[in-house]
Amino acid sequence: MLAMATSLVLMVSGFVWLTVSPSMNTSERLVRDYLRRLADRAPDQETAKRIAAHLDIQIRYEGPEGAWATAQDLPTIEQAAGAAIGQGLHLAPGRDTYVFPGPGGGSYLFSWEFRRRIQSAHTGLVWLLLAFVAAAVFTAHVFLRRLLRPLRRLHEAVTQLSEGRLDIVVPSRTRDEFGALTEAFNQMVRRVRDMLRARDQLLLDVSHELRSPLTRMKVALALLPEGEKRRGLAADVAEMESMITELLELERLREGRGIQLRRQDLVPVLREVAQSFEGRPPGVRVVAGTPQEVVLDLDGDKIRIVLRNLLENALKYSLPDSGPVEVAVSGNHESVVVQVRDDGPGIPEADLDSLFEPFFRVDRSRSRNTGGYGLGLSICRRILEAHGGGIAAANLAGRGASFTLTLPRAG
Ligand code: ADP
């Protein structure tokens, strides 16, 4: 719009210049002829005054029949004498001065401001045009902002959707293309939500259904003779059982269910979990400066699960030359922040957002060594969200990953 406005102003002012300049030269020639003719007449102060009042041409006469001028600020003939007779002289900006010989040896001086007037009229026109264009641009801007409001709302909704919020509904207030787009977007969100619900429900149902055959398998396993085969099968059954337990746990935590908050101190919980990893290389260290007491509304058992998961991962992914895993507590009057930092390989930047999705693993090929089904972090997120807090992952500047837990202050 600004580019359009600028080119419009340039076009109009260029057009004015192209049409006004030639006509200004013609007018100047005509006026000069007229003045030359006037100068042929005998000096007459009354006629000169009339001309000055009507045409705004100031006249000075100096000669044998006296000396007079129609305005005080006119230059004298002597001052203007430097110029060739009959030639325009620019003694002041925008003002043309002419000297012509009069009858009987006298001289006339004419002063004319036509050029300055045309210039100021032109400038005024350009300013007026600028004001019109500014008003038009402003009106168009306000109008466009209103027109694009549904698009802004949709943009906000898409951002929220990409952050994982599936409960959004964008109000559709217009019946135009934007209204149709909004309606299509809402329908898409509904369908995605239904699909995810169906997926979760399926997982839940399958996990429930698998429990009975699993129990039967465990009984049958106990009847098998001791040996390599039985040990292998027992390991597989145990793995299946832990996966099913984690899945059911994940489902139980949905929408804050299964959480029992109690006002208690977080620091002993933290120290107790850190201590339970004693002896596991490269070690766990609660950093100095941790507050003596941090009282919060917590489900202690669930927070233990979170800390255990994070420390287990941090130790599991540490490298042979990694330093100890660090646990730090800080906070402000609104929330408490617990950070678990390791010195491992870190997490690929592209995977940071997906890390808390169920079944997400950076290394897609699950092996017995690195264990896990990619459920641990999604359980952690559900637990923290049920506390009204959150969890985020980031890579540290040099090496390693950091997991930041946020818990709201009690009350
Ligand atoms: P898993 O049971 O596979 O460990 P999680 O949900 O706990 O599942 O973790 C998901 C994935 O996140 C892991 O498979 C791993 O790739 C990555 N991850 C988690 N913690 C770390 C860490 N401290 N350093 C590097 N990668 C990690």
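Read the numbers this way: they start at 1 and go in the same order the structure lists the ligands and their atoms.
Residue contact check: Lys316 has heavy atoms under 4.0 Å from atoms 4 (O) of ligand 1. Residue Leu355 approaches ligand 1 through these ligand atoms, each under 4.0 Å from one of its heavy atoms: 12 (O). Within the listing of ligand 1, atoms 3 (O), 14 (O) sit less than 4.0 angstrom from a heavy atom of Arg361. Near Gly346, with a cut-off below 4.0 Å to any heavy atom, the atoms of ligand 1 are 25 (C). Contact atoms of ligand 1 toward Phe360: 10 (C), 11 (C) (distance under 4.0 Å to a heavy atom of the residue). Taking a cut-off of under 4.0 Å to the non-hydrogen atoms of Val362, the atoms of ligand 1 that pass are 14 (O), 16 (O), 17 (C). Of all atoms in ligand 1, numbered sequentially from 1 with element shown, those under 4.0 Å from a heavy atom of Asn313 are 4 (O), 5 (P), 7 (O), 9 (O), 19 (C), 20 (N).
Asp343 places no side-chain N or O within donor-acceptor distance of the main-chain N or O of Ser322, the cut-off being under 3.5 Å.
Residue Ser378 comes nearest to Phe356 through the heavy atom pair CB-O, 3.1 Å, listed as atom of the first residue, atom of the second, then distance. Here the shortest heavy-atom pairing between Gly331 and Arg409 reads C-NH2, 4.4 Å.
Tyr108 pairs by the ring-ring contact (aromatic ring centres under 6.0 Å, His included) definition with Tyr61, Phe110, not counting sequence neighbours.
For the pair Leu377 and ligand 1, the shortest N or O to N or O distance falls below 3.5 Å. At a 3.5 angstrom cut-off on N or O pairs, Ser378 does not count as close to ligand 1.
Within the structure, the closest approach of Gly374 to ligand 1 falls below 4.0 Å when heavy atoms are considered. Residue-ligand proximity: Phe403 is placed with a non-hydrogen atom under 4.0 Å from ligand 1.
Contacts between Ile347 and ligand 1, counted as non-hydrogen atom pairs separated by less than 4.0 Å, involve the side chain only. With a 4.0 Å cut-off on non-hydrogen atoms, Asp342 touches ligand 1 through its side chain and not its backbone.
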Exercise. So Thr70 and Gln58, side-chain hydrogen bond (donor to acceptor under 3.5 Å, both in side chains) or not? Walk me through it.
Worked result: CA-CA 6 Å; Thr70 55; Gln58 302 300 335; 2.7 Å; yes
For this session: Would you check, one step at a time, whether the test side-chain hydrogen bond (donor to acceptor under 3.5 Å, both in side chains) holds for Tyr98 with Ser111?
Result: CA-CA 6 Å; Tyr98 300 97; Ser111 177; over 6 Å; no
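Leu161 places a side-chain heavy atom less than 4.5 Å from the side chain of Met188.
Within the structure, side chain to side chain donor-acceptor pair (under 3.5 Å) contacts touching residues 216-228 (residues at least two apart or in different chains) are Lys218-Glu241, Glu228-Arg231.
Residue nearest to atom 21 (C) of ligand 1, selected from Phe356, Phe359, Tyr317, Tyr373: Tyr317 (by heavy-atom distance).
To the nearest 0.5 Å, the span separating CZ on Arg361 from OG on Ser354 amounts to 14.0 Å.
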